[in-house]
Colleague: 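Let me begin by handing over the structure; questions about it come next.
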Amino acid sequence: MPRLALIFFAALLAVTTAVTPALAQYRIGMSAAITGPASSTYAPTYEAYKAYFKRVNDGGGLNGQKVEITYEDDRGEPQRAAANAKKLAEGSILMVNASTSATYKPFMTESETEKLPLLFGGGVCPREAFPPASPLIFCSTSFGSKWDSRFALGFIKEQATGKKAKVGFAAQDIPLSRIELEFAEQLAKEMGLEPIPVVVVPGNTPDFTPFAQKLKDAGADWVLSWALWHVEVGVFEALSRVGWQGSYLLYGHQQTQDELARLKAGHLYAFGGNTLFMENLPIHAEITNLVKGQTTHPPHYMAEGWVSAMVLEAGLKKCGWPCPKDKLATALASVSVDTRGLRGGPIEWTADNHYRKSTYYKVYRWDPSKNAIAPVGGWTRLEIK
Amino acid sequence: MAFGGGYFKTTYASDLALIDTRLRRVGLGLLIVSLLMLPRFASSFALDLVTQTALAAIGALALNLLTGLAGQVSLGHAGFIAAGAFTTAVLVEQRMPSPLLALPAAALVGAALGVIVGIPALRLKGLYLALGTLALHHVVLYACGEFQNHWGANTGVSIPPPRLGSWVLKGTIAWYYTLTAIAGLVLILSVNLQRSRAGRAWMAIRDREIAAESVGIDVARYKVLAFVWSSALTSVAGALFAYQRAFVSVEAFGFFLAIEYIAMVIIGGLGSALGAVLGAAFVTLLPYGIDAAVAALHVPGGAEYYLFPLKFGAFGLLMAAFLVLEPQGLVGIWRRARNWVVLWPLRYRPLRPAS
Amino acid sequence: MTQVLATTVVVASLYALLAAGYVLVYRATRVLNLAQGDMMTLGGYFLFLVAATVPGRPVLSVVTAAVLSAAAGFAIYRLLMRPMAGHPIFAAVLVTVTLGILLRAAIVLVYTDRIRHPLPLLGLANPPRRLPGGAVVSTFDLLTVAAAAALFLGLFAFLRLSPLGIQMRAAGEKALLAAQRGINFQLLFALSWALAGFAGALAGILYANNVRLDPSLGILGLKAFAVALVGGLDSLGGVIPGALIVAAIEVLSVRYGDPLLADVSPFLCLLAMLLVRPWGLFGTREELERV
């Protein structure tokens, strides 16, 4: 027994000090919330990347080189993200972060120290990707801080048709959700709407009813929510339960298509940057056929990750070979990608703008008369200045 | 050390010395030399692992002081680490990021928290004490969360690398030396506390509180002292944690962190400083061991989905196994191994004649 | 106002279902089962397992899930808790924590962290219901209250009136004497763990249908243990006022105070109780000295 323990220890130490050899390929490191509470939003990005670059590599790679991506799970926790950042930075020419906003800071610090370009592919775009952009920070994600609120409130104002609508805000007790909706509250006042103070909901509350009651009693005509899906939907379901008659606008994450069909509520509006797969564009069929059997999430969860992978591919292609990290950063800063309908328009980056020149939003809701999900209007374009 | 080798101590100095035999001195020398030379041979990743182990060991030693030595069960350890880390964050926000200020401040905050926790804890024993500390952990985290939301940067506080005068502590190797040295200091402190009057009082309280009281030990004072020492050290560990991670956010200090530290002292062996260090090494290295094992087995794609529950489950399984099968922990295994080596080919120690 | 009352009763019922599990286990084996929340999650996932395999059969799914959870509780006692007899209580509590970790790891291994909704698979709906006084709750909210009431009535009847229940109480109080009377107390301890599993399963099944099912539901268990402690760890009767008090404070702090305080308020109650009256509202006093 003691001998076994000693052998076990020696093996543990030996195996953890093993070093992986470096090969000549495009070496990318990706940290995503593959497991953990936020995984249903971010794990599909990881799966999309795997499927996408498997196709790329099977087709001979880019510029004759294969793309090798190392995937690490950070569970949406900053501590693990910090460890992953250090691990992935070694030998990579770019890091991808598809995880919660809490993991951003360690990655940005590592990116700055190692002069490594950092691509945000799943989580909300940080301020550093917007003009004036930091040279190393890039973001392909469809949702962006402050721009989402600008669109959402514009949509609400439009739907309210002249009447001064009372808008409530349901935030989660995570920093970015609170900041965003507090900004929205301020913006609503400026836009001529009547805001109600933000209601902050703890993520693990057992019953959303008290929060819904607060919004209902304040007389909200519209409620805007921008948080992780289970909080957005939890507040909505509670509001419906207490007999609230208003309309609810939330940011549509990957689950939108499934959940709109489950809830079948005509007064629930989901806005987002990605086209839902029910529109059945050619790219949707292509993705569905390609990821068959490869992913644990359904194909219609793949949109966000797919666009991110497209952008990365374009950047790598432009960089050529050999592609050191500084050359890649320059190449990415001039990339222009046609998203083939997955987004409302192309992703165009400039030296100053690593988010995109224009961003597009579309709103979907369950249409009870058609008994299906239907878009509400077309794409709305906002210029990013 | 009772191995009957005819080795006698003839001066007070040799009685007080931690390292008394030549073999031990040589062993210690070898250990120090190998630790100093490690950066030459080990990869950056391995060095980082040792650094993490050292940091965990500081916290584990502090917890061992409270739970192993004084017998005061505490599930609120993560709260003290958070307190230390957030003290550093507050100071950074107030533009005073120097470690010369942050470390003592963290120790003071920890000590104060120790008093706040220790005094009500006098009323509670065993299970209720554990639950009380758990409840307190949630309250401390709530306070830290509120700080983060209202005063700190909402997305967490970035901690700049610590600088002492003109020297900046950056890079794996520098951190390795620093944390290993600090862990060594805390280890010596821990061992000395164990041998001191306070340590003996704590052990007496742990074993039989009523007997300790009847012998004249001021139980209340020593219990609070245990909390104060433990939480001060833990807060310092938290401040180091903040500097090393360069980032402080309340999500990192959940209940699972407290469980990890408890696991370290339990798997290591309750009441032993060596146990705390061994346990810290075990718990820190285990997830990486599993990572490497899975990588070596070349499990087909999708392994990332299984890795976390696998690591999580393995941690739980091992902790349960140690609790059920080997309550004395790794130290117990070590002692049995050592006895086996020393006594071979005999199995048991010779019986002493009644004298 | 009536809405606040209705919400409080609903939340209290959920906590009461969980706290009943804590009390049952504590009375028998003197261990605080910190894995109760994860046993609730397990019950929910058993329901999902059956509902996904044979959709559209609510009664079968619920009954199977409850039976499986009870069996799990039984097995947990035999395999994990019984070898811990004689170990210090703290070690036994830690073993339950590791059990929670293991359960959670197993669930995530099989089902990943995705949020699941068994309700449509069962073929049921959860429409809102208007109560007299203007409050509105969902159907499953009412079912939760009904289930809690039924469970407690059942437990009271069982423990007070049936021979097996009286034996269980005897074994919990003084196992040695009970053994000398010929009572198989190991079986009764296992049964109380099975009952705790059943109570957790009820909570999990109802919550999964009412709100959602995901592996991190165990955190509700931590809040519920505050309820159990406030009421008295060995008092089933104390659970009801304990649950009502904690739920009321939580709901009121959301409505009229800081919503984030609602998250930490069960623990504040717990701390207050521990400082003032560690054995809870209705617990037996000597529990304090015993540990």
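The chains referred to below are lettered A, B, ... by the order of the sequence lines, with proteins before strands, and numbering in each begins at 1.
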Colleague: Between B/P120 and chain C, with a heavy-atom cut-off of 4.5 Å, which part of the residue counts as in contact: side chain, backbone, both or neither?
Modeller: both

Colleague: With a 4.5 angstrom heavy-atom cut-off, which part of B/L136 approaches chain C: side chain, backbone, both or neither?
Modeller: both

Colleague: Output the option from C/L80, C/L271, C/L99, C/D113 having the highest count of non-hydrogen pairs under 4.5 Å with chain B.
Modeller: C/L271

Colleague: For B/L141, is it the side chain, the backbone, both or neither that has a heavy atom under 4.5 Å from a heavy atom of chain C?
Modeller: neither

Colleague: Does B/E209 pair with B/K223 as a salt bridge, N-O distance under 4.0 Å?
Modeller: yes

Colleague: Within the supplied structure, the quantity of interest is the number of heavy atoms (other residues, nucleotides, ligands) at a distance under 6.0 Å from C/Q186 CD; does it exceed 12?
Modeller: yes

Colleague: I'd like to know if B/E326 pairs up with B/R336 as an ion pair, taking the criterion as any Lys NZ or Arg NE/NH1/NH2 lying under 4.0 Å from an Asp or Glu carboxylate oxygen.
Modeller: yes

Colleague: Which of the residues B/V73, B/I259, B/T67 is involved in the greatest number of heavy-atom pairs with chain C at under 4.5 angstrom?
Modeller: B/V73

Colleague: Just by modelled atom types, is the C/V239 backbone N or O under 3.5 Å from a matching donor or acceptor in the C/Y15 side chain?
Modeller: no

Colleague: Counting heavy-atom pairs under 4.5 Å with chain C, which one of B/A263, B/G313, B/G316, B/A135 comes out on top?
Modeller: B/A135

Colleague: Treating C/Q36 as the side-chain partner and C/A196 as the backbone partner, does any N or O pair qualify as donor plus acceptor under 3.5 Å?
Modeller: yes

Colleague: Go through the atoms of C/V97 and report whether side chain, backbone, both or neither lie under 4.5 Å from a heavy atom of chain B.
Modeller: side chain

Colleague: Can C/R27 and C/E173 be counted as an ion pair, charged N to O under 4.0 angstrom?
Modeller: no

Colleague: Under the side chain to side chain contact (heavy atoms under 4.5 Å, CB included) test against C/I249, which residue among C/V251, C/I245, C/L252 passes?
Modeller: C/I245

Colleague: Using non-hydrogen atoms and a 4.5 Å limit, figure out which bit of B/I262 sits close to chain C: side chain, backbone, both or neither.
Modeller: side chain

Colleague: Under a 4.5 Å heavy-atom cut-off, does chain B meet the side chain of C/L222, its backbone, both or neither?
Modeller: side chain

Colleague: Pick one of side chain, backbone, both or neither for C/V264, based on which atoms fall under 4.5 Å of a heavy atom in chain B.
Modeller: side chain

Colleague: Taking C/V25's backbone N and O only, do any of them form a donor-acceptor pair with C/R30's side chain (distance below 3.5 Å, no angle check)?
Modeller: no

Colleague: So, do C/F189 and C/F185 have ring centers that fall under 6.0 Å from each other?
Modeller: yes

Colleague: Examine C/F267 together with B/Y142 and report whether their ring centres are nearer than 6.0 Å.
Modeller: no

Colleague: At a heavy-atom separation under 4.5 Å, does C/I107 approach chain B through its side chain, its backbone, both, or neither?
Modeller: neither

Colleague: Side chain from CB out, backbone as N, CA, C, O: work out which of these in C/V276 comes under 4.5 Å of a heavy atom of chain B, or both, or neither.
Modeller: backbone

Colleague: Can you tell which of C/L103, C/L268, C/T98 has the highest number of heavy-atom pairs within less than 4.5 Å of chain B?
Modeller: C/T98

Colleague: C/L229 versus chain B, heavy atoms under 4.5 Å apart: side chain, backbone, both or neither?
Modeller: side chain

Colleague: Check whether C/L94 gets within reach of chain B through its side chain, its backbone, both or neither, counting any heavy atom under 4.5 Å.
Modeller: both

Colleague: Where on B/F315 is there a heavy atom nearer than 4.5 Å to chain C: the side chain, the backbone, both, or neither?
Modeller: side chain

